Peer 1: 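Have a look at the structure that comes next, please.
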Amino acid sequence: MSDVELFCEKSFSGADQEIVDRFVEFQNALIEADTEKLDEILSDDFRLTQAPNRSQVKGEFISEIDDGSMDFSKSDIMDPTILFDDDESASLISKVRLTAKVYGRELRWISDTVANFRKIDGIWQVVGWDS
């Protein structure tokens, strides 16, 4: 059983489904602390925004997953919507309930999430995650 659940009554197809699948794959990699998979999924210019004054680049983010500073254990993705800017850039907008140990504190919260994607060499990569 996966620790990532998708709660959604609508069905997806085509590029929409690819993006939803990629976001689920991203969340699974977080939970499994699979830094190799995260390196593959996240673009080189990836940026995580956690608060107005807190953001991280790809290397910092992956390092904190790797050293256990951020230890995700559950992700519930609720009613995602996919919006396309063009054929090679899109955003997934959703509420995401996350369970994690962050800097030693057990937390569970619901995030208004925006994950930005760009198609690079035919593969969707996460370029930004506003959580």
Side-chain angles (χ1 to χ4, degrees):
M1 181 171 156
S2 173
D3 290 314
V4 177
E5 291 190 57
L6 178 63
F7 296 94
C8 185
E9 295 193 15
K10 58 187 161 191
S11 60
F12 298 100
S13 62
D16 289 22
Q17 185 66 55
E18 290 174 21
I19 290 168
V20 169
D21 289 347
R22 194 63 160 172
F23 189 71
V24 168
E25 187 178 18
F26 169 48
Q27 296 296 290
N28 270 316
L30 287 176
I31 290 166
E32 295 168 5
D34 185 340
T35 56
E36 287 183 27
K37 183 56 107 177
L38 287 170
D39 188 51
E40 170 194 317
I41 292 169
L42 305 177
S43 69
D44 289 339
D45 60 346
F46 170 82
R47 180 164 297 276
L48 167 68
T49 304
Q50 295 171 309
N53 298 324
R54 174 103 166 105
S55 68
Q56 291 179 303
V57 296
K58 178 180 178 175
E60 293 169 332
F61 179 61
I62 289 176
S63 177
E64 289 197 347
I65 300 297
D66 191 40
D67 72 13
S69 295
M70 290 195 289
D71 182 14
F72 292 87
S73 58
K74 181 87 173 105
S75 174
D76 297 328
I77 305 162
M78 298 171 274
D79 295 317
T81 298
I82 312 301
L83 303 174
F84 287 88
D85 295 326
D86 55 41
D87 289 344
E88 297 192 350
S89 60
S91 298
L92 178 145
I93 300 166
S94 179
K95 290 201 178 292
V96 178
R97 182 175 34 240
L98 294 164
T99 304
K101 186 181 277 188
V102 180
Y103 310 116
R105 293 183 57 208
E106 295 277 345
L107 301 171
R108 185 173 185 192
W109 70 100
I110 295 177
S111 166
D112 289 321
T113 289
V114 177
N116 296 309
F117 290 81
R118 184 171 56 235
K119 202 171 213 180
I120 300 170
D121 296 328
I123 298 171
W124 290 105
Q125 288 189 309
V126 180
V127 295
W129 185 26
D130 187 349
S131 175

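No hydrogens, no waters, no symmetry mates; every other heavy atom, side chains included, goes into these values. We're numbering straight along the sequence, starting at 1. Computed from a prediction, not measured in an experiment: that's the story for all the values here.
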Peer 1: With Arg118, which of Asp85, Asp45, Asp86 fulfils side-chain hydrogen bond (donor to acceptor under 3.5 Å, both in side chains)?
Peer 2: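 The single option meeting the side-chain hydrogen bond (donor to acceptor under 3.5 Å, both in side chains) with Arg118 is Asp45.
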
Peer 1: Heavy atoms, side chains only, cut-off 4.5 Å: are Glu32 and Asp3 in contact?
Peer 2: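 No, every pair of side-chain atoms sits at 4.5 Å or beyond.
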
Peer 1: What are the two closest non-hydrogen atoms of Ser75 and Ile31, and how far apart are they?
Peer 2: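 That closest heavy-atom pairing would be N-CD1, 3.8 Å.
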
Peer 1: In the structure I gave you, are the side-chain heavy atoms of Glu18 and Asp21 within less than 4.5 Å of one another anywhere?
Peer 2: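 No, side chains not in contact.
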
Peer 1: Evaluate the criterion side-chain contact (heavy atoms from CB on, under 4.5 Å) for residue pair Ile77 and Phe7; output intermediate values, then yes/no.
Peer 2: CA-CA 6 Å; Ile77 305 162; Phe7 296 94; over 6 Å; no

Peer 1: Is Lys10 reaching over with its side chain to a backbone N or O of Pro80, donor-acceptor style, under 3.5 angstrom?
Peer 2: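 Checking the backbone N and O of Pro80 against the side chain of Lys10, a donor-acceptor pair under 3.5 Å is found.
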
Peer 1: Flag yes if Leu30 and Leu6 sit in one hydrophobic cluster, no otherwise; membership is Ile, Leu, Val, Met, Phe, Trp, Tyr, and two members link when side-chain heavy atoms are under 4.5 Å apart.
Peer 2: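 Yes, because Leu30 and Leu6 connect within a single hydrophobic cluster, where side-chain heavy atoms sit under 4.5 Å apart.
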
Peer 1: Under 4.5 Å between any side-chain heavy atoms of Glu64 and Gln56, yes or no?
Peer 2: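 The answer is yes; the side chains approach within 4.5 Å.
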
Peer 1: Can you pull the ring-ring contact (aromatic ring centres under 6.0 Å, His included) pairs that have at least one residue in residues 46-79, sequence neighbours excluded?
Peer 2: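 For residues 46-79: Phe46-Phe61.
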
Peer 1: Which atoms form the tightest heavy-atom contact between Ser55 and Glu60, and what is the distance?
Peer 2: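 Looks like O-OE1, 4.3 Å.
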
Peer 1: Salt bridge check, Arg97 against Asp76: does any charged N sit closer than 4.0 Å to a carboxylate O?
Peer 2: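 Salt bridge: yes.
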
Peer 1: Any chance you could measure Lys119, atom NZ, to Ser43, atom OG, to the nearest 0.5 Å?
Peer 2: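 Taking NZ in Lys119 and OG in Ser43, the distance rounds to 15.5 Å.
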
Peer 1: Above 12 or not: heavy atoms from other molecules or residues under 6.0 Å from CZ of Arg105?
Peer 2: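 Counting other residues, nucleotides and ligands, CZ of Arg105 stays at 12 neighbours or fewer.
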
Peer 1: Does the side chain of Phe26 come within less than 4.5 Å of Leu38's, by heavy atoms?
Peer 2: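 When only atoms from C-beta onward are counted, Phe26 and Leu38 do touch, with a gap below 4.5 Å.
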
Peer 1: Roughly how far, to the nearest 0.5 Å, is CD1 of Ile65 from OG1 of Thr35?
Peer 2: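 Output value for this atom pair is 9.5 Å.
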
Peer 1: Going hydrophobic residue to hydrophobic residue with side-chain gaps under 4.5 angstrom, can you get from Leu48 over to Tyr103?
Peer 2: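 Yes, because Leu48 and Tyr103 connect within a single hydrophobic cluster, where side-chain heavy atoms sit under 4.5 Å apart.
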
Peer 1: Restricting to non-hydrogen atoms, name the atom on Val96 and the atom on Gln27 that form the minimum distance, rounded to 0.1 Å.
Peer 2: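 Taking Val96 first and Gln27 second, the nearest heavy atoms are CG1-OE1, 4.1 Å.
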
Peer 1: Do you reckon Phe12 sits in the same ILVMFWY cluster as Phe23, going by side-chain contacts under 4.5 Å, direct or chained?
Peer 2: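 Yes, because Phe12 and Phe23 connect within a single hydrophobic cluster, where side-chain heavy atoms sit under 4.5 Å apart.
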
Peer 1: OG/Ser11 to CG/Asp16 distance, rounded to the nearest 0.5 angstrom?
Peer 2: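 Reported to 0.5 Å precision, the distance equals 10.0 Å.
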
Peer 1: Drop me the distance from Ser111's OG to Gln50's CD, to the nearest 0.5 angstrom.
Peer 2: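 Spacing of OG (Ser111) from CD (Gln50) equals 9.5 Å.
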
Peer 1: Check for a donor-acceptor pair, side chain of Thr113 on one end and backbone N or O of Ser131 on the other, with a separation under 3.5 Å.
Peer 2: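 Not a single qualifying donor-acceptor pair exists.
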
Peer 1: Using a 4.5 Å cut-off on heavy atoms from C-beta on, say whether the side chain of Asp79 contacts that of Lys95.
Peer 2: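 A side-chain contact under 4.5 Å is absent here.
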
Peer 1: Do Trp129 and Val102 sit in one hydrophobic cluster, given that two such residues count as connected whenever their side-chain heavy atoms are within less than 4.5 Å of each other, even indirectly?
Peer 2: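 Yes, Trp129 connects to Val102 through the hydrophobic network.
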
Peer 1: With hydrophobic residues grouped by side-chain heavy-atom distances under 4.5 Å, do Val24 and Ile110 end up in a single group?
Peer 2: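 Hydrophobic grouping puts Val24 apart from Ile110.
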
Peer 1: Supply the atom-to-atom distance Ile41 CD1 to Trp124 CH2, rounded to the nearest 0.5 angstrom.
Peer 2: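 Between Ile41 CD1 and Trp124 CH2, I get 15.0 Å after rounding to 0.5 Å.
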
Peer 1: Would you call Val127 and Ser89 a side-chain contact if the rule is heavy atoms closer than 4.5 Å?
Peer 2: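 Of all side-chain heavy-atom pairs linking Ser89 with Val127, none is under 4.5 Å.
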
Peer 1: In Å, rounded to the nearest 0.5 Å, how long is the span from CG of Leu92 to CZ of Arg22?
Peer 2: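 So the CG of Leu92 and the CZ of Arg22 are separated by 13.5 Å.
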
